[in-house]
Amino acid sequence: MSFSPQGPLHITNTLTRSKQEFVPLAPPHVGLYVCGPTVYSDVHLGNVRSFLSFDILFRWLTALGYKVRYVRNITDVGHLTGDVDEGEDKIAKRARLEQLEPMEVVQKYTNGFHDVMRVFNILPPSIEPTATAHLIEQIAMVERILASGYAYTANGSVYFDVPKFAAEHPYGELSGRRVDELLANTRDTEGMEEKRSPLDFALWKRADHTHLMKWPSPWGEGFPGWHLECSAMSTKYLGLTFDIHGGGMDLKFPHHECEIAQSVAADGQVPVRYWMHGNMLTVNGRKMAKSEGNGFTPEELITGNHKLLERGYSPMTVRFFMLQCHYGSTLDFSNAALQAAEKGLERLMAALRGLEKLAPAAKPMPELDAQVQELEQRCVAAMNDDLNTPVLIAELFEGVRLINSARDGKAALSGPALERLRTFFAALVRDVLGLRDESVAMGDDKLLDGLVQEFIRQRAEARARRDFAAGDAIRDRLAEVGIILKDGKDGTTWERA
RNA sequence: GGUCGCGUGGCCGAGUGGCUAGGCACAGCUCUGCAAAAGCUGCUACAGCGGUUCGAAUCCGCUCGCGACCUCCA
């Protein structure tokens, strides 16, 4: 038996600000592009949330039977610090500070990023392209934009002409901006003397001899603008128009708006059919960001070594915590919420372990067959409704109650119902939500289990003699070393604290 | 200042016109030698004010509070 949920899937398309049925351009194939990290420093928890949201999308599309080509880039050049365009390249800056070759910085933080993704069980994409490996494509795209007349060169740099583009095409649709309003709200124009309009953005930036990262181009030595890589690489791997583009809410403007403009200017096609944006992780109501100093690294999170953390939390606790909130809502971090998630997750995973040991009842209750089926349907419906993981989790807890009741002999499941429940429950928890069991329990370690079983036997003997003091002493000593005994109807089980 | 969004029970957090989300916490009960676990039950909210409606957490208006974007950020 397998878990093979059916659509239709509905997702919130940020472009139309509405929930729409997802219909791929060329089923069963789905093209998915997600803006990846700029690898100039350690990722923080807020970054993790974003990649987790799209991990769930990727997993659910796959569960629905789609063949997903999932492209998530690594930005390794072109992302400037500070304001306007005189900022330094983030990676070059880091290289200078750490006295490393820029590519060493890139490698170091790319490795770190991958480690973090693995720790949180976020699946790798199908293709993970880097900007520096696609300079030819980016230069070619700039040439197409120049040829179509929506860009101009200035002193070795190339800029996108936003006012000209906006006069002939929709601009600002995704983010709800209007060019006149943007112009009215423009601040200082320092360092922008090369641009014709403050709204224009760099496609290619000239680099002088002091720059660490530069490449030859038709306009001289330089480097690509930040927005360009996503357009060039999504076009290369997913085509001129593809299904879904995702990223954090904070990328909507200007990054994604610029991507649309570039693609339309270069190739005359609207690049993306569904835009999806994950919301922010906040701390005390404020966005977690490196510049706010309220972010922490996954390592700090796990060890608890950060001023915001009362103690450490396991990666799966964090994953579960985040999935209890819809990706489109802001999620506020707090120790209390994390601790609540930790307990809830443990109850969920304990039920999953119990489910595997459950045997069909001798006298099944027929009404439970329908109940199991309805539960599965509600779970699938929750995911199809814009990846509503909090509702899915709520439904799964209904399953937890059923499983525990069956274990206690209060609910009698038929063979088929049990098999059905096992199949979809495990698939949803492990494959769709991507939750791994972190507890080390009976059976995982033969030596340990053998030893604990011996103690359990000794305690059972003591209890049989009604020597409860001796029995309790065994239980207390095991508890001291982190082993919890649980007396059930069918004997004693144990697990780690 | 402009644009957009949010304000749900002790805490976290779903829900967009009627029908109790769920988790955690708390209280009682059952089970148990005790404990833990588990099950059952209870606590039942929707920022404020006004309006629309037979009926609003859900729609509209105003007020208050908060946030995001507008400049790099997942």
Side-chain angles (χ1 to χ4, degrees), chain A residues 17 34-38 40 43-54 79-85 87-88 90 172 175-178 180-182 184-188 198 226 246-255 277-282 285-292 295 320-321 324-326 328-348 350-351 354 382 385 388-398 400-401 403-405 407-411 463 466-469 471-472 475-476 479 484-489 492-493 495:
Chain A
R17 288 172 190 74
V34 172
C35 289
T38 302
Y40 70 104
V43 293
H44 66 236
L45 202 59
N47 304 108
V48 171
R49 185 183 182 207
S50 185
F51 299 123
L52 172 61
S53 298
F54 294 105
H79 205 161
L80 303 180
T81 62
D83 55 354
V84 214
D85 283 313
E88 194 174 1
K90 286 185 173 183
S175 55
R177 304 300 151 104
R178 291 162 46 103
D180 51 349
E181 283 170 358
L182 286 169
N185 287 310
T186 302
R187 298 184 198 162
D188 58 70
W226 173 44
M249 211 73 118
D250 47 0
L251 295 181
K252 232 160 123 176
F253 188 89
H255 186 57
H277 289 95
N279 216 322
M280 300 292 108
L281 181 69
T282 62
R286 292 189 177 276
K287 175 181 165 185
M288 181 180 280
K290 283 165 188 164
S291 54
E292 294 261 350
F320 182 75
F321 163 70
Q324 276 186 297
C325 173
H326 190 260
S329 305
T330 54
L331 170 62
D332 197 57
F333 163 87
S334 74
N335 282 281
L338 240 0
Q339 283 160 27
E342 188 175 70
K343 293 208 172 183
L345 175 64
E346 173 48 28
R347 193 156 81 89
L348 180 68
D385 184 13
N388 201 328
T389 52
V391 168
L392 169 63
I393 289 170
E395 298 295 353
L396 288 175
F397 274 105
E398 298 298 328
V400 167
R401 202 170 299 153
I403 290 163
N404 288 332
S405 296
R407 184 208 54 202
D408 292 346
K410 287 172 184 161
R463 294 174 73 210
R466 301 195 67 77
D467 183 354
F468 295 118
D472 289 352
R475 185 176 62 198
D476 292 347
I484 308 298
L485 298 188
K486 294 178 180 176
D487 296 334
K489 279 194 167 29
T492 301
T493 58
E495 58 187 45

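So you know, we letter chains A, B, ... as the sequences are listed, proteins then strands, and number each from 1. Only heavy atoms go into these numbers, but all of them, side chains included; no hydrogens, no water, no symmetry mates.
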Across every strand shown, the nucleotide meeting Watson-Crick or G-U wobble geometry with B:A47 (both distances under 3.5 Å) is B:U63
Are the side chain of A:R49 and the backbone of A:M280 linked by a donor-acceptor contact shorter than 3.5 Å?
yes
Within the structure shown, what part of the strands sits under 4.0 Å from A:M280 by heavy-atom distance: base, sugar-phosphate, or nothing?
base
Hey, are the side chains of A:F333 and A:L338 touching, using non-hydrogen atoms and a 4.5 Å cut-off?
yes
How far, in whole Å, is B:G9 from B:G5 if one measures between their P atoms?
23 Å
By nearest atom, which of the nucleotides B:A74, B:G22, B:A25 is closest to the A:F397 side chain?
B:G22
Taking a pair as Watson-Crick or G-U wobble with both distances under 3.5 Å, which nucleotide is matched to B:A68?
B:U3
Any strand, both distances under 3.5 Å, Watson-Crick or G-U wobble: B:G18 pairs with B:C54
May I ask you to decide if A:G46's main-chain N or O and A:S50's side chain share a donor-acceptor pair within less than 3.5 Å?
no
Is A:R347 close enough to B:G22 that one of its side-chain N or O atoms is under 4.0 Å from OP1 or OP2 there?
no
Just so I know, are the side chains of A:D385 and A:V391 near enough to count as touching, which here means a heavy-atom distance under 4.5 Å?
no
Spacing of the P atoms in B:U3 and B:G61 (rounded, Å):
14 Å
Between B:G7 and B:C60, how many Å separate the two P atoms, rounded to a whole number?
14 Å
Report the residues that fulfil ring pair (Phe, Tyr, Trp, His ring centres under 6.0 Å) with A:Y40, sequence neighbours left out, ordered by chain and then residue number.
none
So, do A:F253 and A:L182 sit near enough that their side-chain heavy atoms are less than 4.5 Å apart?
yes
Select base, sugar-phosphate, or nothing to describe what A:G46 touches, counting heavy atoms under 4.0 Å on all strands.
base
With the threshold set at 4.0 Å, does a side-chain nitrogen-carboxylate oxygen contact exist between A:K343 and A:E346?
no
It should be established whether A:N404 places a side-chain nitrogen or oxygen under 4.0 Å from OP1 or OP2 of nucleotide B:A38.
no
Which comes earlier along RNA chain B counting from the 5' end, the contact point of A:E398 or that of A:N47, where each point is its nearest nucleotide?
A:E398
Could you tell me whether the side chain of A:N279 reaches within less than 4.5 Å of the side chain of A:L331, counting heavy atoms only?
no
Measure the CD1-OG1 distance between A:I484 and A:T492 for me, rounded to the nearest 0.5 Å.
13.0 Å
Measuring only the C1' atom in each nucleotide, how far is B:A45 from B:G13? A whole number of Å is fine.
13 Å
Pairing partner of B:A25, by Watson-Crick or G-U wobble and under 3.5 Å for both distances, is none
Verify the contact: side-chain N or O of A:R401 to OP1 or OP2 of B:C40, cut-off strictly under 4.0 Å; return yes or no.
yes
Under 6.0 Å from the CZ atom of A:R17, do we count more than 12 heavy atoms belonging to anything else shown?
yes
Is A:K287 close enough to B:G67 that one of its side-chain N or O atoms is under 4.0 Å from OP1 or OP2 there?
no
Please give the distance between the C1' atoms of B:G17 and B:A57 as a whole number of Å.
10 Å
Scoring nucleotides 27-36 of chain B by protein non-hydrogen atoms under 4.0 Å (B base, S sugar-phosphate only, - none) yields ----S-BBBB
When the P atoms of B:C66 and B:A74 are compared, how many Å lie between them, rounded to an integer?
27 Å
Distance, P atom - from B:C29 to B:A36, rounded to whole angstrom:
13 Å
What's the closest nucleotide to the side chain of A:K343 if the choices are B:A74, B:G39, B:A25?
B:A25
The contact string for nucleotides 2-19 of chain B, one letter per nucleotide 5' to 3', using protein heavy atoms under 4.0 Å with B, S and - for base, sugar-phosphate only and none, comes out as SS--------SSSS----
